[in-house]
Peer 1: 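Here's a structure for you.
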Amino acid sequence: MTHDNNYIIMASILYDYADGKEPNPITSWLQGLPLEQLAQLNLKIKQLKECGDQILPNFVTAAVGSVDVQEIKVNGRMALRLLICRGPIDSRLPPQMGKVKAPYPAYEFTLLFGSEERDNRYVPHDAVKQAENRRLAIVADNRKREPHVHVRPPNDTGPTR
């Protein structure tokens with residue numbers, strides 16, 4: 001949370017889909033990314049946490065084939081698509097540009113599924129369906145998610161956030 005005159009900019013609460021295994025599927029996917037792509041995606045995840053999905057136009061876009069699933073795009077050697085949703089437990093809309101008169105509760109996002117895009121198609125091809133199934137599993141049982149933890153590059157011994 002940061003202050004801006006009479007306004008408070010609230011940080012979002014981020015969760016990962018969890019299937020009971022360690023590490024969870026989101027952490028596993030992030031740990032398997034090349035270092036440069038992990039850094040780019042970590043930056044976008046940090047921006048989502050600090051500023052919500054209204055930070056820039058098209059920062060978060062609708063995932064093809066779903067009303068409830070969105071994607072964060074990272075282009076580079078691989079065209080990564082991190083599939084997320086607002087909520088789904090607390091899916092209130094954020095205040096405009098993340099600024100409101102205090103007090104206002106933070107809002108949440110859940111990281112559902114990591115995929116790639118090749119030839120304008122998700123890889124795996126059913127990535128959005130898997131993300132939607134995970135979202136519905138969380139709606140049915142909110143223990144199917146856990147707080148997101150920053151994934152550090154291999155051999156990184158710096159401070160965590």
Side-chain angles (χ1 to χ4, degrees), residues 1-2 9-55 59-92 94 98 105-118 121-161:
M1 175 172 52
T2 59
I9 301 170
M10 299 299 291
S12 301
I13 301 168
L14 300 184
Y15 294 95
D16 290 351
Y17 169 79
D19 59 2
K21 298 176 184 167
E22 289 293 329
N24 71 52
I26 298 300
T27 298
S28 292
W29 181 70
L30 291 168
Q31 288 173 337
L33 295 175
L35 183 59
E36 180 181 334
Q37 302 264 205
L38 175 60
Q40 290 175 317
L41 198 49
N42 271 341
L43 177 60
K44 292 219 174 186
I45 291 169
K46 180 180 177 187
Q47 291 169 331
L48 178 67
K49 179 176 178 151
E50 292 178 356
C51 303
D53 59 354
Q54 307 297 308
I55 184 170
F59 177 72
V60 173
T61 58
V64 176
S66 178
V67 174
D68 296 310
V69 176
Q70 295 87 36
E71 66 181 12
I72 295 177
K73 297 180 179 183
V74 173
N75 292 314
R77 283 189 294 172
M78 300 160 51
L80 301 177
R81 303 296 180 255
L82 178 58
L83 302 177
I84 69 170
C85 68
R86 180 177 301 285
I89 304 305
D90 181 359
S91 57
R92 77 185 85 210
Y107 46 98
E108 63 185 42
F109 296 93
T110 302
L111 313 183
L112 297 168
F113 194 85
S115 68
E116 293 180 53
E117 183 178 310
R118 292 188 206 138
R121 290 186 169 86
Y122 291 106
V123 177
H125 71 280
D126 65 343
V128 174
K129 182 177 182 181
Q130 289 188 56
E132 179 62 23
N133 288 341
R134 288 177 174 184
R135 188 188 74 78
L136 292 172
I138 294 167
V139 169
D141 180 0
N142 69 359
R143 294 173 295 175
K144 292 275 187 183
R145 68 181 190 162
E146 57 191 36
H148 176 74
V149 176
H150 175 77
V151 174
R152 299 165 68 163
N155 303 319
D156 180 3
T157 58
T160 60
R161 293 179 205 199

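Worth saying up front: this structure is predicted, and the values here are computed from it rather than measured.
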Peer 1: Are E108 and R86 packed together at the side-chain level, in the sense that at least one heavy-atom pair is separated by less than 4.5 angstrom?
Peer 2: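 Of all side-chain heavy-atom pairs linking R86 with E108, none is under 4.5 Å.
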
Peer 1: Which atom pair, heavy atoms only, marks the closest approach of G52 to Y107?
Peer 2: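 In this case the closest contact between G52 and Y107 is CA-OH, 3.4 Å.
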
Peer 1: State which residue, out of R145, R135, Q70, fulfils the side chain to side chain contact (heavy atoms under 4.5 Å, CB included) condition with L112.
Peer 2: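 When R145, R135, Q70 are each tested with L112, the side chain to side chain contact (heavy atoms under 4.5 Å, CB included) holds only for R135.
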
Peer 1: Looking at every non-hydrogen atom in both residues, tell me the closest pair between A127 and Y122 and how far apart they are.
Peer 2: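 For A127 and Y122, the tightest heavy-atom pair comes out as CB-CB, 3.9 Å.
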
Peer 1: Compare every heavy atom of F59 with every heavy atom of K44, then report the nearest pair and how far apart it is.
Peer 2: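 Result for this residue pair: O-CZ, 3.3 Å.
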
Peer 1: Using a 4.5 Å cut-off on heavy atoms from C-beta on, say whether the side chain of L82 contacts that of V74.
Peer 2: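 Contact flag for V74/L82 side chains = no.
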
Peer 1: With rounding to the nearest 0.5 Å, note down the distance linking CD1 in I84 to OG1 in T110.
Peer 2: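 Answer rounded to 0.5 Å: 9.0 Å.
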
Peer 1: What distance do L136 atom CG and D141 atom CG have between them, rounded to the nearest 0.5 Å?
Peer 2: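 Here the interatomic distance stands at 13.0 Å.
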
Peer 1: Backbone N or O of P23 within a donor-acceptor pair of the T27 side chain at under 3.5 Å?
Peer 2: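 Pair absent, no side-chain N/O of T27 close to backbone of P23.
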
Peer 1: Take R134 and K144 through the test side-chain contact (heavy atoms from CB on, under 4.5 Å) and record every step on the way to the result.
Peer 2: CA-CA 8 Å; R134 288 177 174 184; K144 292 275 187 183; over 6 Å; no

Peer 1: Should R81 and N75 count as side-chain neighbours, where that means a heavy-atom distance under 4.5 Å?
Peer 2: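 Contact flag for R81/N75 side chains = yes.
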
Peer 1: Check whether any side-chain heavy atom of N24 lies under 4.5 Å from a side-chain heavy atom of E146, and answer yes or no.
Peer 2: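 A side-chain contact under 4.5 Å exists here.
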
Peer 1: Go through it in stages, so that I can follow the logic: the residues are W29 and L80, the test is side-chain contact (heavy atoms from CB on, under 4.5 Å), and I'd like the CA-CA distance, side-chain angles, deciding distance and then a yes or no.
Peer 2: CA-CA 11 Å; W29 181 70; L80 301 177; 3.9 Å; yes

Peer 1: Please round to the nearest 0.5 Å and tell me the distance separating atom CD1 of I72 and atom CG of L83.
Peer 2: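 Result: 9.5 Å between the selected atoms.
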
Peer 1: State the CG-CD distance between L35 and Q40, to the nearest 0.5 angstrom.
Peer 2: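 So the gap between those two atoms works out to 10.0 Å.
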
Peer 1: Take E117 and V123, measure what side-chain contact (heavy atoms from CB on, under 4.5 Å) needs, and give me the verdict at the end.
Peer 2: CA-CA 6 Å; E117 183 178 310; V123 177; over 6 Å; no

Peer 1: Counting C-beta onward and ignoring hydrogens, is there a side-chain heavy-atom pair between P34 and M78 closer than 4.5 Å?
Peer 2: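 Contact flag for P34/M78 side chains = yes.
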
Peer 1: Within this structure, what is the NE2-CD1 distance for the pair H148 and I26, rounded to the nearest 0.5 Å?
Peer 2: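 Going from NE2 on H148 over to CD1 on I26, the span is 9.0 Å.
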
Peer 1: Hey, is R118 close enough to E116 for a salt bridge, meaning N to O under 4.0 Å?
Peer 2: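 A salt bridge is present here (some side-chain N lies under 4.0 Å from a carboxylate O).
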
Peer 1: If I compare all heavy atoms of Q130 with all of F113, which pair ends up nearest, and what's the gap?
Peer 2: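 Shortest heavy-atom separation between Q130 and F113 comes out as OE1-CE1, 3.1 Å.
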
Peer 1: Determine the minimum heavy-atom distance between V139 and I89, stating which atoms define it.
Peer 2: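 Closest approach of V139 to I89, heavy atoms only: CA-CD1, 4.4 Å.
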
Peer 1: Determine, step by step, whether L38 and V151 satisfy the side-chain contact (heavy atoms from CB on, under 4.5 Å) criterion, reporting the C-alpha distance in whole Å, the side-chain angles of both residues, the deciding distance to 0.1 Å, and the verdict.
Peer 2: CA-CA 8 Å; L38 175 60; V151 174; 4.3 Å; yes

Peer 1: Give a yes or no on whether the backbone of P147 and the side-chain of D16 come within a donor-acceptor separation of less than 3.5 Å.
Peer 2: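 Flag not set: sc D16 to bb P147 has no pair under 3.5 Å.
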
Peer 1: Less than 4.0 angstrom from a charged side-chain N to a carboxylate O is my criterion; do E132 and K129 meet it?
Peer 2: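 Looking at E132 and K129, the cut-off is not met.
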
Peer 1: For Y15 and Y17, I'd like to know if the aromatic rings sit close, meaning centre-to-centre distance below 6.0 Å.
Peer 2: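 No, too far apart.
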
Peer 1: Are any of the side-chain heavy atoms of D19 and P25 separated by less than 4.5 Å?
Peer 2: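 SC-SC contact between D19 and P25 confirmed.
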
Peer 1: Would you compute the distance between atom CZ of F109 and atom OG of S12 and round it to the nearest 0.5 angstrom?
Peer 2: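 The CZ atom of F109 sits 4.5 Å away from the OG atom of S12.
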
